[in-house]
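Contents: one structure, followed by commentary.
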Amino acid sequence: LYMMSGTLNMADLAARLPAVAHTRTIKVAFAFLSVGLTLKLALFPLHMWLPNAYTYAPSVVTAFVAATATKVSIYVFMRFVFTIFGADFAFETMRLNWFLLPLALVGIFAASAVAIYQTDLKRLLAYSSVAQIGYMMLGISFGSVTGLTAAIVHLFNHALMKGGLFLALGCMVYQIGSVRIEDLAGIGPWHRRRVPHRHIGNKEAGKNEGITKQKYPHHRLAPRHILEGPLVGRPIGGDACQSRGRSHGRIRIRWCHVF
């Protein structure tokens with residue numbers, strides 16, 4: 001690009017490249033830049049570095065890289081395509097959409113399918129990131145204002161969400177030393193929180209039971225009752241619930257562990 005234009009300033013490149021866009025040098029430069037940037041942003045099938053990098057890096061590094069590295073690469077790719085070379089050259093002359101669109105679609109489905117079978121949560125989120133990058137590149141491949149807008153919006157959305165998810169996994173690593181799914185079995189009771197439950201008594205036990213069954217048809221989804229007196233329910237025994245305050249008529253407030 002410098003040999004043909006005499007500058008590396010982006011604004012000057014955009015102004016000078018149309019005059020030499022028909023040359024083989026510019027076309028080769030566009031091809032090299034496209035392959036290099038798609039490798040850096042982890043577009044399928046040039047994504048093989050990303051799962052291992054996300055899985056074995058420290059959690060803080062993974063969160064930082066997931067939220068910035070690939071997203072910056074996508075931004076650089078958009079600047080080269082739309083600002084320096086121009087959409088007409090990229091999509092009309094070089095037919096970039098013929099390559100981006102199928103690779104993005106295959107990446108979305110292939111990476112999502114592979115993520116289903118992962119047992120390590122960091123690797124699972126890594127393959128999920130490959131699929132989400134496919135969504136962004138799919139929007140860019142349309143070469144339209146709508147597609148580019150969707151890609152930019154999803155870029156910021158994915159940076160925030162995936163960075164937060166990897167930070168959450170970092171908390172798990174700090175607490176239990178692992179993010180493998182089999183090692184997380186039973187993590188809920190260890191990190192339970194307490195929430196207040198208020199139950200109002202009713203003398204008509206049958207009516208209360210009917211309301212409960214209508215509202216919670218599946219007993220596994222229904223809240224565990226801690227009602228006192230004649231009311232029907234499944235009392236929680238032991239120290240799962242602790243009284244807070246005094247009874248006021250038919251109302252009693254207790255704190256229960258939510259598993």
Validation row: R16, T7 side chains within 4.5 angstrom (heavy atoms): yes

Interatomic distance, F142 atom CZ to T149 atom OG1 [nearest 0.5 angstrom]: 12.5 Å

Heavy atoms of other groups near M48 CE, more than 12 under 6.0 Å: no

Atom of L39, atom of W49 and distance for their closest heavy-atom approach: O-NE1, 2.8 Å

Neighbour count >12 (heavy atoms, 6.0 Å) for atom CH2, W98: no

Close side-chain approach of V76 and R79, heavy atoms under 4.5 Å: no

Close side-chain approach of F77 and L33, heavy atoms under 4.5 Å: no

Smallest separation among heavy atoms of M136 and A151, with atom names: O-CB, 3.4 Å

Closest non-hydrogen atom pair between F85 and I26, with its separation: CE2-CG2, 4.0 Å

Nearest-0.5 Å distance that lies between atom OG in S34 and atom CG in L96: 5.5 Å

Heavy-atom closest contact (S129 atom, L50 atom, distance): CB-CD2, 4.4 Å

Within one Ile-Leu-Val-Met-Phe-Trp-Tyr cluster: L100 and F44, side-chain cutoff 4.5 Å: no

4.5 Å side-chain heavy-atom contact, Y75 and I152: no

Distance in Å, L103 CG paired with I133 CD1, rounded so as to fall on 0.5 Å steps: 13.0 Å

Centroid-centroid distance, F30 to F80, less than 6.0 Å: no

Close side-chain approach of M78 to L155, heavy-atom, < 4.5 Å: yes

Transitive ILVMFWY side-chain link V28 to V35, under 4.5 Å: no

4.5 Å side-chain heavy-atom contact, D120 and V179: yes

Euclidean distance, M137 CE relative to L105 CG, rounded to 0.5 Å: 12.0 Å

Side-chain (K71) to main-chain (A66) donor-acceptor, under 3.5 angstrom: yes

Path from F32 to L8 over hydrophobic side-chain contacts below 4.5 Å: no

Atom pair CE/CZ of M4 and R24 - distance to nearest 0.5 Å: 12.0 Å

Candidate pair V130 and I108, rule side chain to side chain contact (heavy atoms under 4.5 Å, CB included), full reasoning: CA-CA 7 Å; V130 175; I108 291 171; over 6 Å; no

Atom CZ of F99: over 12 foreign heavy atoms under 6.0 Å: no

Chi angles and distances behind the side chain to side chain contact (heavy atoms under 4.5 Å, CB included) call for L1, L17: CA-CA 8 Å; L1 291 178; L17 284 183; 4.0 Å; yes

Same apolar cluster: L138 and L46, side chain cutoff 4.5 Å: no

F109 reachable from Y127 in the ILVMFWY side-chain graph, under 4.5 Å edges: no

Heavy-atom closest pair, residues A63 and G163: CB-O, 3.8 Å

Worked check of side chain to side chain contact (heavy atoms under 4.5 Å, CB included) between F82 and F91: CA-CA 10 Å; F82 293 98; F91 296 102; 3.8 Å; yes

CA sep, side-chain torsions, deciding dist, call: K27, T23, side chain to side chain contact (heavy atoms under 4.5 Å, CB included): CA-CA 7 Å; K27 294 180 180 179; T23 62; over 6 Å; no

Greater than 12 external heavy atoms within 6.0 Å of R95's CZ: yes

Spacing of NZ belonging to K122 relative to OG1 belonging to T62, to within rounding of 0.5 Å: 3.5 Å

Identify all side-chain donor-acceptor contacts of residues 54-61 below 3.5 Å with residues at least two apart in sequence or on another chain.
residue, atom, partner, partner atom, Å
T55, OG1, P51, O, 2.6

Where V81 and A90 come nearest, the two heavy atoms and their spacing: CG1-CB, 3.7 Å

Side-chain (S128) to main-chain (L124) donor-acceptor, under 3.5 angstrom: no

Residue pair L41 / V72, side-chain heavy-atom distance below 4.5 Å: no

